[in-house]
**Q** 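First the structure, which I've put down as structure tokens, then a few questions once you've had a look.
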There are 2 protein chains.
Amino acid sequence: MAHLSSQQACDVCPIRTRAVCAHCETDELAELEGIKYYRSFEAGQVIVWAGDQMDFVGSVVSGMAGLTQQLEDGRTQMVGLLLPSDFLGRPGRRVAAYTVTATSEIVLCCFRRKPFEALLAQSPHLSGRLLEMTLDELDAARDWLLLLGRKSAREKIASLLVILARREAALSRQRPKGRFAIALPLTREAMADYLGLTLETVSRQINALNREGVITLEGKRRVIIPDFEALVLESGDDSDGGLPA
Amino acid sequence: MAHLSSQQACDVCPIRTRAVCAHCETDELAELEGIKYYRSFEAGQVIVWAGDQMDFVGSVVSGMAGLTQQLEDGRTQMVGLLLPSDFLGRPGRRVAAYTVTATSEIVLCCFRRKPFEALLAQSPHLSGRLLEMTLDELDAARDWLLLLGRKSAREKIASLLVILARREAALSRQRPKGRFAIALPLTREAMADYLGLTLETVSRQINALNREGVITLEGKRRVIIPDFEALVLESGDDSDGGLPA
DNA sequence: GGCATGTGTTGATCTGCATCAAGGTAGGAA
DNA sequence: TTCCTACCTTGATGCAGATCAACACATGCC
């Protein structure tokens, strides 16, 4: 079951500078501290079911989760990736629109929904940051549309690895370059659901990239990228990821 | 070329209650009136090129446009549909991220970017509505991810028709039911780019739905839906579209 | 130990949609 | 009128990735 972690101070928080609270002043932070609590989940646990009442919103502190949508016959598509600093939940909406599942161990910093909404209405620092993050997510979703609509299986896998590498690097305010190692905090099936593929195709393509030396598998959940630029080339788009140089 | 239309008063505007200005008070509207101007484009014209400097944001008053992304080898994916009341542009961003193309004749209500941003910072009515609209667009993009990742060509076409019908009905504050007629303000190629298909497949599937009586083609750009619920069934998901009953 | 369960790999075969190719139709210009 | 151009349709063929199936390996439980 979900597990209530002990309180931590915001000023030592690893996502302090990137999360929804990033622009908050000391007094606003104090307000947030008052309505926050931590929860952790094991890999595979469902955090929220689509259609459930949701009495909190929050930020991912560590680990990873996926937003998932389903057709009645069971076909599943992951429609969002929640990585550290990403925001979970929609203020103003009582009922969850998507099922949220932990794909790895995860720690959330949760805010009670009602008081958070009140704070949001008062604080331009908070609402401005949320708008910015939502626009970023929309851009990410649009990149994902291009991936799902037009990329080959091999390009999809390469793109996913590029995204994970960029996100991992961003946490330490870097950009990936040359040799780079990343964790794969998802099963083959979760990757398939994210990429619009079957798990067999995911497995085959990952192993193909491994055989050809584009990546080096280290166990099943860890990947060495010997040459990041070469991987980007395999992903189909040679954009630089949009980070300021 | 783009054509500057004459000024119109906000209180007779057809999108007054749904656009970014929906929650504004009279004084805020007056400010907006001061920085707004109309532009119209013909079907097929490019409104903004990705990478171009963009000195305005704005709302679609009538007609339709598409946001488009491309891989270097030319593969194209539409990543957003702009219908009446939808917002164009990202406040805080100087450079357009996507190419915007009119897929039909279109009229835009444009605001100069700088003064709009200033207004946005002052007016919670404006910024709140923009956040709400951005969240709605994110939800729509996520539905689109499910469509691109997991639906068959036939389901994709049916889904597009359902969306167009819902949007058309929403403008007159209705929901589609029973017999319903809609315009197709896009070419087969634009539909293909939106659905992640080829134009040949789009043509075949539309004509198959026509032969089977799920839809009735009236010319090439107009469709009668004899039974809306039957079409929804073909689209794969039987959600009700999320509108309040 | 033996067994069940979750996860990942690999092979054989099938199929939905892409690709390649040829025509058809409507509207505008000359 | 005729031609041109954009847009759409229809047919034949090929292939990337799905599907079906078997097995490998690790972990935890009895």
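Lettering of chains follows the sequences in order, A, B, ..., and the numbering in each one begins at 1.
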**Q** Contact boundaries of DNA chain D with chain B (under 4.0 Å, heavy atoms), 5' to 3'?
**A** D/dC8 to D/dA12
**Q** Do B/Met54 and B/Val95 come within less than 4.5 Å of each other through their side chains, counting heavy atoms only?
**A** no
**Q** If you count the non-hydrogen atoms of other residues, nucleotides and ligands that lie under 6.0 Å from CD in A/Glu105, is the total more than 12?
**A** no
**Q** Is there side-chain contact between B/Met191 and B/Leu184, with at least one heavy-atom pair below 4.5 Å?
**A** yes
**Q** Reading nucleotides 13-26 of chain C from the 5' end, what letters show protein touch, with B for base, S for backbone sugar-phosphate only, - for no heavy atom under 4.0 Å?
**A** ----SSBB------
**Q** In whole angstroms, how far is the P atom of C/dG6 from the CG atom of A/Leu186?
**A** 19 Å
**Q** Please check: side-chain N/O of A/Thr103 versus main-chain N/O of A/Pro185, any donor-acceptor pairing under 3.5 Å?
**A** yes
**Q** Does the side chain of A/Met78 reach to within under 4.5 Å of the side chain of A/Leu67, using non-hydrogen atoms?
**A** no
**Q** Assess, by modelled atom type and distance only, whether the side chains of A/Asp237 and B/Gln70 contain a donor and an acceptor separated by less than 3.5 Å.
**A** no
**Q** Tell me the side-chain hydrogen bond (donor to acceptor under 3.5 Å, both in side chains) pairs involving residues 209-229 of chain B, sequence neighbours left out?
**A** B/Arg154-B/Glu212
**Q** How close or far is atom C1' of C/dT7 from atom CG of A/Asp193, stated in whole angstroms?
**A** 14 Å
**Q** Treating B/Ser85 as the side-chain partner and B/Leu83 as the backbone partner, does any N or O pair qualify as donor plus acceptor under 3.5 Å?
**A** no
**Q** Send over the distance from A/Arg222 CZ to C/dG8 P, rounded to a whole Å.
**A** 16 Å
